[in-house]
Structures are given as C-alpha cells and as structure tokens.
2 protein chains.
Amino acid sequence: MKTISIGEAAAALRIPESTLRYYEKQGLLPLIERDGAGRRLFSEHQMELLETILRLKHTHMPIQDIRQYIAWVIEGESTTELRLEMMTRHKQTVLNEMAVMEEALRGIDIKINRYTERLRKKTEQGKEENL
Amino acid sequence: MKTISIGEAAAALRIPESTLRYYEKQGLLPLIERDGAGRRLFSEHQMELLETILRLKHTHMPIQDIRQYIAWVIEGESTTELRLEMMTRHKQTVLNEMAVMEEALRGIDIKINRYTERLRKKTEQGKEENL
DNA sequence: CATTGACTTAAACCAGGGTTTAAGTCGTAT
DNA sequence: ATACGACTTAAACCCTGGTTTAAGTCAATG
C-alpha cells in the first residue's frame with residue numbers, strides 16, 4: 001500500500017502538520033500506521049477519510065461529533081444507520097446555518113445599497129457644483 | 001425617547017444579557033445611555049444597531065472588525081466610503097464561505113445517498129429471505 | 001562522520017467569544 | 001421595613017480549536 005508522510009499529507013490538504021497531529025490526538029485519525037522510526041504513514045484510504053473530516057469541519061461540525069462519526073466508520077457497516085442519521089441531521093443543521101447567513105446577507109446588502117446610493121448622490125452634488 | 005432595559009433587549013434579541021454586557025465592554029455599543037441608577041437604557045436606535053451587529057456576527061465577522069464598523073457609524077457620513085468598502089469585502093468573504101459549505105455539503109450528500117442505498121439493499125435482502 | 005531536514009513527543013501557550021461568580025445597589029410590592 | 005427581582009461591576013473562569021516550543025530521533029548527503 002502506497003503511503004505518504006505527514007508533510008506530504010499536510011501539503012496535499014493545505015493544512016499545517018500540527019493540525020494533523022492534533023486531529024490524531026483528538027481521535028479523528030485512529031488508524032494511522034507508523035514506519036519503523038515512528039513516523040506516521042498516510043494511506044490513500046486515510047486521505048479519503050481526512051477529506052471527509054475536512055468536509056465536516058468546513059460545515060462546522062464539532063470535533064466531538066466527528067470523533068463519533070469516525071468511530072462508527074471504523075466499527076463497520078453495522079453502524080450505517082447511525083451514520084446516516086447523523087449525516088442527515090448534520091445536513092439540516094448546515095442548511096439552517098446557511099439560511100441564517102443568507103438572511104443576514106440580505107440585511108448587509110441593504111446597507112451596501114444605501115451606502116452606494118449615498119455616495120452616488122454626493123458625486124451628483126459635486127457635478128452640480130461644477131455647472 | 002422610549003427605551004428598554006437590558007433584560008428586555010436581551011429577550012427581544014434572544015441572546016443572554018451577559019452577551020450584551022460583553023459587547024458593550026468590547027466597544028460594540030458605545031452610545032448606551034444609563035438611567036439615574038446606572039442601568040443601561042436601550043433605545044430603538046440602539047436596537048437597530050444591535051440587529052446590524054447580530055447580522056455581522058451571523059456572518060462570522062470578528063468582533064474587532066465589528067468594532068471598527070461601529071466606530072465608523074458613530075463617526076458619521078464622512079465614513080460612508082470606508083463602510084461601503086468593508087461591507088463589500090465582507091459580503092465577498094461570506095459568499096466564499098458559503099461556497100465552501102455548499103461544496104462540502106455535496107460530499108456529505110454523497111455519503112447520505114450511499115448509506116441510504118446500503119440500508120435499502122439490506123432491507124431488500126431481508127425481503128428475499130422471507131420468500 | 002557530521003550535518004541537515006523531516007520527523008517525533010509532551011506540554012505550554014494562544015485567541016476568540018463568551019459565561020459565571022461574588023458582592024453590592026435599587027425600586028417596588030407586601 | 002423587608003424581601004424580591006432586576007439590575008450593576010470586576011474578575012475569574014471556560015470551551016473550542018488549534019499553534020508553538022523544547023528536546024530529541026533518524027535517514028540521507030557531503
């Protein structure tokens with residue numbers, strides 16, 4: 001099985017090595033192998049799992065929940081239903097969060113329009129003064 | 001001018017009073033009045049400003065930046081251009097963040113579909129066994 | 001064979017964003 | 001008058017999610 005070092009994994013994922021070590025300590029990477037010298041070896045499978053972890057992070061899932069999810073993945077297919085339930089719930093949480101953001105963004109857009117308009121008027125006024 | 005207490009303001013905004021005190025200490029509410037006994041009085045104007053602050057928080061703007069924004073609001077119309085620039089930048093940041101979330105959500109959806117399919121197959125298998 | 005670069009660990013440190021606590025002051029209802 | 005609820009403060013505390021530091025190991029290179 002082809003494996004890569006922590007430095008290569010970090011570069012591939014564009015995150016610091018320290019974060020990968022931290023994630024392992026937090027139980028998010030429970031099946032990382034080591035070489036004879038104790039160095040971590042990231043397999044293709046690990047990298048895929050890490051991409052999933054990053055997706056969950058990008059959608060603001062707490063580390064505690066990600067740890068539970070990973071534990072279920074490792075436990076095997078008997079946990080499919082639990083994982084499905086968790087992901088479905090999480091999806092809804094994310095959709096809610098995005099709805100909140102969109103709503104806030106509408107208010108921000110109103111401000112942008114107001115400021116834009118205000119500046120436009122000031123510019124117009126400047127023109128008039130030059131008539 | 002009609003004003004409300006911190007308790008009423010907190011209830012209206014559905015956030016703890018402690019958060020409002022914290023925001024004031026952080027310089028987000030620089031023009032809160034007090035009554036004779038030193039109690040905060042929230043005016044309608046304050047509440048509107050607070051709603052703006054909450055919109056910025058909902059879109060993950062750091063307190064430091066919100067403080068700057070509020071300072072510009074108080075400074076007056078001479079800062080319109082700065083505010084416009086800040087809000088425009090912020091909007092783009094939020095859109096980027098939402099795009100990251102959406103992309104991650106697509107990966108999560110794939111998992112949901114896989115798990116759903118896996119469970120469906122198990123159910124089918126169960127049916128066959130009952131033939 | 002010494003140096004360099006990539007790696008290891010445990011532990012300390014940090015930032016952001018609040019929340020909680022302790023001790024005290026009012027206004028009002030009984 | 002006293003007790004209650006809503007308020008005040010400063011300071012301490014907390015959690016999350018990392019990052020940094022110090023001291024050391026190992027493999028390959030000059």
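Keep in mind that what you see is a predicted model, and the values were worked out from it rather than measured. So you know, we letter chains A, B, ... as the sequences are listed, proteins then strands, and number each from 1.
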Taking atom C1' of C:dT19 as reference, at what distance in whole Å does atom CG of B:L20 sit? 13 Å
Whether A:S5 contacts C:dC7 is assessed here as follows: a side-chain N or O lying under 4.0 Å from the phosphate OP1 or OP2. Is that the case? yes
Separation of atom CD in B:E33 from atom C1' in D:dC7, rounded to whole Å: 17 Å
Whole angstroms only, please: what is the CD-P distance between A:E8 and C:dG5? 17 Å
Protein-nucleotide distance (A:E24, atom CD; D:dG17, atom P), rounded to Å: 18 Å
May I ask you to say what B:R21 touches in the nucleic acid, namely base, sugar-phosphate or nothing, with a heavy-atom cut-off under 4.0 Å? base
Tell me which of A:Q64 and A:T19 sits closer to the 5' end of DNA chain D, going by the nucleotide each one is nearest to. A:Q64
Side-chain N or O of A:R67 versus OP1/OP2 of D:dG17: is the shortest distance under 4.0 Å? no
May I have the distance from B:D35 (atom CG) to D:dA6 (atom C1'), rounded to whole angstrom? 11 Å
Of all the nucleotides listed (C:dT19, D:dG17, D:dC7), which has the minimum atom distance to the side chain of B:R39? D:dC7
Is it true that B:H90 and B:H60 have ring centroids separated by less than 6.0 Å? no
Could A:E44 and A:K2 be called an ion pair, given the rule that one side-chain N must be under 4.0 Å from one carboxylate O? no
With a 4.0 Å cutoff (strictly under), does any side-chain N or O of A:K57 reach OP1 or OP2 of D:dG18? yes
Separation of C:dA10 atom P from A:Q26 atom CD, nearest Å, is 13 Å
Listed nucleotide nearest any side-chain atom of B:I6, set D:dG18, C:dG17, D:dT8: D:dT8
Selection from C:dG17, C:dA10, D:dG18 that lies nearest to any side-chain heavy atom of A:Y22: D:dG18
Nearest-nucleotide 5' precedence on DNA chain C, B:P62 against B:G36: B:P62
Examine distances only and state if a side-chain atom of A:T88 and a backbone atom of A:L84 form a donor-acceptor pair shorter than 3.5 Å. yes
How many Å lie between CD on A:E17 and C1' on C:dG5, as a whole number? 11 Å
When you check the gap from the basic side-chain N to the acidic O, do B:R106 and B:E102 get nearer than 4.0 Å? no
Round to the nearest Å and state the distance from A:L29 atom CG to D:dG18 atom P. 12 Å
Any side-chain N or O of A:R40 under 4.0 Å from OP1/OP2 of C:dT8? yes
Under 4.0 Å between a side-chain N or O of B:Y23 and OP1 or OP2 of C:dG18? yes
Looking at side-chain heavy atoms only, is the closest gap between A:R34 and A:L41 below 4.5 Å? no
Tell me whether the side-chain N/O atoms of B:R34 come closer than 4.0 Å to OP1 or OP2 in D:dT9. yes
